[in-house]
Amino acid sequence: MRLREFSAVLAAADLFAVMAFSFLGTASWPQSPTSVPVYNSTSGHGIANEMFDSFAIAVVLIAILLGAAMIGGVYLAKMDEPGKVGP
């Protein structure tokens with residue numbers, strides 16, 4: 001059990017170190033905010049256009065997966081006894 005706890009602490013520390021380095025390191029951050037077009041009907045560029053044109057199937061599959069996860073979470077939360085199946 002000690003090895004498992006140590007592995008979890010080590011993984012959290014590694015993640016913290018990577019995040020701290022990305023924020024405090026020598027990354028070249030822009031000095032002024034840049035505008036990102038969300039939707040542009042004339043030129044076809046923008047986040048929404050790119051996401052639903054190039055990655056339409058991936059977005060739909062992720063939506064189905066998240067919906068199934070929510071239904072499964074509600075089903076598991078309604079169990080009366082641990083290990084009992086059904087409402």
My understanding is that a hydrophobic cluster links ILVMFWY residues whose side chain heavy atoms are under 4.5 Å apart, including indirect links. Using that, what else belongs to the cluster containing Phe55?
none
If you draw a 6.0 Å radius around CG in Leu76, do more than 12 non-hydrogen atoms from other residues or ligands fall strictly inside?
yes
Residues in side chain to side chain contact (heavy atoms under 4.5 Å, CB included) with Leu10, at least two apart?
Phe6, Asp14
Contacts of Val18 that satisfy side chain to side chain contact (heavy atoms under 4.5 Å, CB included) - sequence neighbours left out:
none
